[in-house]
Number of protein chains: 2
Amino acid sequence: MDLPPATAAFVLHFGEMGSRWGINRTVGQIYALLFLSERPLPADEIAQKLGFSRSNVSMGLKELEAWRLVRLQHLPGDRREHFSTPEDVWQIVRILAEERRKREVDPTLTLLRDTLMQRPASAEEAHAQARMQSLYEVISLLTGWMDDVQKLPDERLIALLKLGGRVARVLEATERFQEIVTRKPRRRAAKEG
Amino acid sequence: MDLPPATAAFVLHFGEMGSRWGINRTVGQIYALLFLSERPLPADEIAQKLGFSRSNVSMGLKELEAWRLVRLQHLPGDRREHFSTPEDVWQIVRILAEERRKREVDPTLTLLRDTLMQRPASAEEAHAQARMQSLYEVISLLTGWMDDVQKLPDERLIALLKLGGRVARVLEATERFQEIVTRKPRRRAAKEG
DNA sequence: TTGAATTTTCAGAAATTGCTGAACATACGC
DNA sequence: GCGTATGTTCAGCAATTTCTGAAAATTCAA
């Protein structure tokens with residue numbers, strides 16, 4: 001591997017991380033290299049820098065394209081295809097979230113929905129369905145939230161994340177406000193009464 | 001595999017999903033089976049139901065314990081260890097988030113921090129560092145947010161998620177309120193002026 | 001067109017990961 | 001303690017995944 005040490009460390013780390021996710025080591029390393037690169041790189045240069053065969057790099061880039069994690073471009077005076085990652089890390093996060101959702105979450109929701117349509121044939125099956133139902137609800141809520149925040153512009157999303165748990169306070173305040181406005185009396189704990 | 005059809009479908013699906021994540025097929029299936037089960041199951045029963053060897057199940061359960069995804073208990077009058085998943089799906093989500101963070105995110109942050117301490121030896125390395133810096137910032141923000149919402153009780157977390165993107169409106173309102181209170185004049189677009 | 005440069009495909013080799021049975025370890029009732 | 005039921009480990013076989021080189025396909029300039 002023909003890289004400055006910090007780059008090499010990052011590339012190796014992402015190779016390992018890649019294999020903990022579904023993605024394989026080669027693909028993780030190619031992505032990491034492109035992410036750090038100053039300029040778009042052609043496949044043969046990637047192969048040379050990482051010490052992989054040209055064909056392996058070709059397959060890895062295909063997979064990254066399928067994930068929409070790299071884009072292809074042509075540089076003037078060079079016939080080769082050059083690859084790069086988006087500049088903006090938030091852009092990358094959004095793409096990752098969409099793709100993982102499409103590949104992992106949606107099929108799971110479909111399976112759960114289909115199963116929940118069936119009539120359970122025994123108490124055991126009824127229990128299994130109840131479990132699936134509660135899983136379905138949690139996943140729906142999480143993905144619904146994701147859909148929602150995906151629509152926010154970067155700036156708002158970042159503001160929201162920075163606010164973190166303090167959002168809960170704002171909500172509390174809003175709830176109390178609602179209670180007052182609708183004149184619904186506050187509930188009291190037994191001790192208070 | 002000796003299971004009612006809906007259970008079998010769910011178990012197989014989670015096996016596949018497991019292998020898309022770092023976790024392997026066996027482990028995914030064991031987890032899915034326990035998740036749906038009405039009662040805690042002993043290892044030999046798991047092995048029988050899924051058609052795996054007893055030793056394979058033993059290793060799978062060890063891994064699930066390391067992830068804190070199953071708990072072990074003893075039933076009266078039975079010497080065998082029985083395994084179950086938490087009842088509450090939100091509890092499971094929290095554990096998953098913590099464990100993935102510990103295994104995947106924290107080591108990455110450490111690597112980035114260490115690398116960013118070094119002095120770049122070239123323009124190329126300086127660029128790579130700048131990229132790592134922006135990645136570091138995004139990951140920090142995301143994990144900081146996660147830490148924050150992890151502290152909320154379930155009820156509040158759920159309320160927050162249900163609110164989804166509408167939170168942004170509350171924030172906007174709050175910002176405008178801040179502007180008014182601090183008497184900082186609202187910025188106007190060119191067209192308005 | 002032609003042919004050189006580049007990319008893709010794919011059969012099979014190499015590496016990795018998963019799985020099993022047998023041996024070993026441990027826990028528990030007696 | 002003893003013996004049996006239960007749990008763990010691990011060497012090695014099996015299955016899967018990854019990777020390569022060679023060949024085929026594509027692209028593009030002339």
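None of these values were measured; they are calculated from a predicted model. Per chain, numbering begins at 1; letters A, B, ... match sequence-line order. Side-chain atoms are counted along with the backbone in the values below, which use heavy atoms only and exclude waters and symmetry mates.
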Tell me which residues in residues 28-38 of chain A lie within less than 4.0 Å of DNA chain C, going by non-hydrogen atoms.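 Those residues: none at all.
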Any idea which heavy atoms bring A:W145 and B:G164 closest together, and the distance?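 That closest heavy-atom pairing would be CD1-CA, 3.6 Å.
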Nearest atoms (heavy-atom pairs only) where B:A43 meets B:V57: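 For B:A43 and B:V57, the tightest heavy-atom pair comes out as O-CG1, 3.7 Å.
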Taking atom [atom2] of [N] as reference, at what distance in whole Å does atom [atom1] of [X] sit?
X     : N      : atom1 : atom2 : result
A:E81 : D:dT26 : CD    : C1'   : 10 Å
B:I46 : D:dT6  : CD1   : P     : 14 Å
A:Q48 : C:dT6  : CD    : P     : 15 Å
A:D44 : C:dA5  : CG    : P     : 13 Å
A:L61 : C:dT7  : CG    : P     : 9 Å
A:L72 : C:dT6  : CG    : P     : 14 Å
B:K62 : C:dT26 : NZ    : C1'   : 12 Å
A:D78 : D:dC28 : CG    : C1'   : 13 Å

Protein N or O to nucleotides 17-23 of chain C N or O, pairs below 3.5 Å:
| unit_1 | atom_1 | unit_2 | atom_2 | d |
| --- | --- | --- | --- | --- |
| C:dC19 | OP1 | B:R25 | NH2 | 3.3 |
| C:dC19 | OP1 | B:T26 | OG1 | 3.1 |
| C:dC19 | OP2 | B:T26 | OG1 | 2.2 |
| C:dT20 | OP2 | B:S53 | N | 2.9 |
| C:dT20 | OP2 | B:S53 | OG | 3.0 |
| C:dT20 | OP2 | B:N56 | ND2 | 3.1 |
| C:dG21 | N7 | B:S55 | OG | 3.2 |
| C:dG21 | O6 | B:S55 | OG | 2.8 |

Per the salt bridge (Lys or Arg N to Asp or Glu O under 4.0 Å) rule, what does the pair list look like for residues 32-51 of chain B, sequence neighbours excluded? B:R39-B:E45, B:D44-B:R80
Quick one, [X] and [Y] - any side-chain contact, counting heavy atoms below 4.5 Å?
X      : Y     : answer
A:L64  : A:T85 : no
A:M132 : B:F35 : no
A:I30  : A:L61 : yes

What nucleotide among D:dG7, C:dT7, C:dT8 has an atom nearest to a side-chain atom of A:A43?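 It is C:dT7.
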Could you check whether B:R68 pairs with B:E98 (Lys NZ or Arg NE/NH1/NH2 to Asp/Glu carboxylate O, under 4.0 Å)? yes
Tell me whether A:R166 is salt-bridged to B:D148, with the criterion being a basic N under 4.0 Å from an acidic carboxylate O. no
I'd like to know if A:R80 reaches the base of C:dT7 with its side chain, counting only an N/O donor and acceptor under 3.5 Å. no
Per the atom types in the model, does the base of D:dA29 pair as donor or acceptor with the side chain of A:R79 at under 3.5 Å?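 Between D:dA29 and A:R79, which were checked side chain against base, a qualifying N/O pair under 3.5 Å is absent.
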Applying side chain to side chain donor-acceptor pair (under 3.5 Å) to B:S84 and B:Q73, what does each step give before you reach the verdict? CA-CA 8 Å; B:S84 62; B:Q73 58 208 287; 2.6 Å; yes
